[in-house]
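Have a look at the structure below before the remarks.
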Amino acid sequence: MVKFSQRLAALRTSKNLSTAALAEKIGVLKSQIEKFEAGKLTPSKQQQEKLASFFGVSLPYLNGETDDTMDMGSWLSGNVPEEPDAPVIRPVKKQVVASSGAEDHDSSPMFNMLLKSENFKSAVLQVLRTPEGQKLLAQLIQKELHK
């Protein structure tokens, strides 16, 4: 299993960053980055979140708990732990009506913008390539075929 220290060093070197450059970017001392990578110091939760955000990976990936950079498996299965301060987001069921080809004017402009985002499209494709995503896709296809 990959350790946090190994994962951090690999991410940093993959971006061609020195320990000093990474330290500056996330607001810690160079010596702290060196100790994180040597396994002599564990970063705080906030520092871990900054590092994960900076590298664009999930905390479980950064901590060596998974090889899935986005850790999509847990939210696909519905096993997402809720943090006490985090807002609860529940899906809204919307009745689907036959469309005449015109855009759905009831949709949120923010949601439409999200659907058009290249980052969103990329994330969805990445999820669909995982075993969990393939299973979910197969279930949706079966459901549609049995209508």
Side-chain angles (χ1 to χ4, degrees), residues 1-96 99 102-144:
M1 186 159 110
V2 177
K3 295 180 182 177
F4 171 85
S5 57
Q6 296 167 317
R7 188 62 49 92
L8 177 59
L11 287 167
R12 180 183 58 77
T13 56
S14 74
K15 298 272 187 190
N16 294 320
L17 291 171
S18 66
T19 53
L22 178 58
E24 183 180 321
K25 293 199 181 279
I26 67 160
V28 299
L29 299 172
K30 175 187 172 205
S31 61
Q32 287 178 294
I33 297 293
E34 292 167 347
K35 288 177 183 176
F36 295 160
E37 289 185 3
K40 294 180 179 179
L41 181 65
T42 302
S44 69
K45 180 79 168 170
Q46 183 182 21
Q47 290 169 330
Q48 290 177 35
E49 288 170 350
K50 281 183 181 181
L51 286 163
S53 177
F54 175 78
F55 289 114
V57 298
S58 67
L59 278 174
Y61 177 81
L62 182 62
N63 288 316
E65 298 165 5
T66 180
D67 288 331
D68 183 359
T69 58
M70 298 303 289
D71 193 33
M72 299 295 176
S74 51
W75 70 261
L76 275 175
S77 62
N79 296 329
V80 180
E82 291 184 7
E83 296 179 30
D85 298 336
V88 177
I89 301 171
R90 303 212 191 297
V92 176
K93 291 185 179 180
K94 186 174 179 181
Q95 186 175 0
V96 178
S99 173
E103 267 192 52
D104 183 6
H105 296 290
D106 294 334
S107 294
S108 158
M110 182 68 92
F111 185 69
N112 284 334
M113 187 173 68
L114 175 67
L115 290 176
K116 293 176 184 175
S117 160
E118 287 303 316
N119 288 340
F120 179 77
K121 290 177 188 176
S122 175
V124 168
L125 288 173
Q126 186 175 1
V127 169
L128 292 176
R129 289 183 185 116
T130 65
E132 295 88 355
Q134 293 289 314
K135 184 177 177 183
L136 179 63
L137 191 55
Q139 289 171 347
L140 290 171
I141 291 170
Q142 286 295 323
K143 185 177 177 182
E144 286 299 312

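Below, all heavy atoms of this structure are taken into account, side chains as well, without hydrogens, waters or symmetry copies.
The closest side-chain heavy-atom distance from F54 to L22 is below 4.5 Å. Residues K25 and L17 form a side-chain contact, since some pair of their non-hydrogen atoms from C-beta on lies under 4.5 Å apart. Side chains of I26 and Q47 form no contact here, defined as non-hydrogen atoms less than 4.5 Å apart. Between T42 and Q48 there is a side-chain heavy-atom pair separated by less than 4.5 Å. You'll find the side chain of N63 stays beyond 4.5 Å of the side chain of R7, heavy atoms only.
Rounding to the nearest 0.5 Å gives a distance of 9.5 Å between CD1 of I33 and CG of L41. We find the CG-NZ distance between L11 and K15 to be 8.0 Å, quoted to the nearest 0.5 Å. Expressed to the nearest 0.5 Å, how far OG of S18 lies from NZ of K30 amounts to 7.5 Å.
The backbone N or O of K50 lies less than 3.5 Å from no partner atom in the side chain of S53, so there is not a single donor-acceptor pair.
When all heavy atoms of F36 and L8 are compared, the pair lying nearest together is CB-CD2, 3.6 Å. Between A52 and L59, the shortest heavy-atom contact is CB-CD2, 4.0 Å. The two residues G39 and S5 have their closest heavy-atom pair at N-CB, 3.9 Å.
Taking a 6.0 Å sphere around CD of Q139, one finds it holds more than 12 heavy atoms contributed by other residues, nucleotides or ligands.
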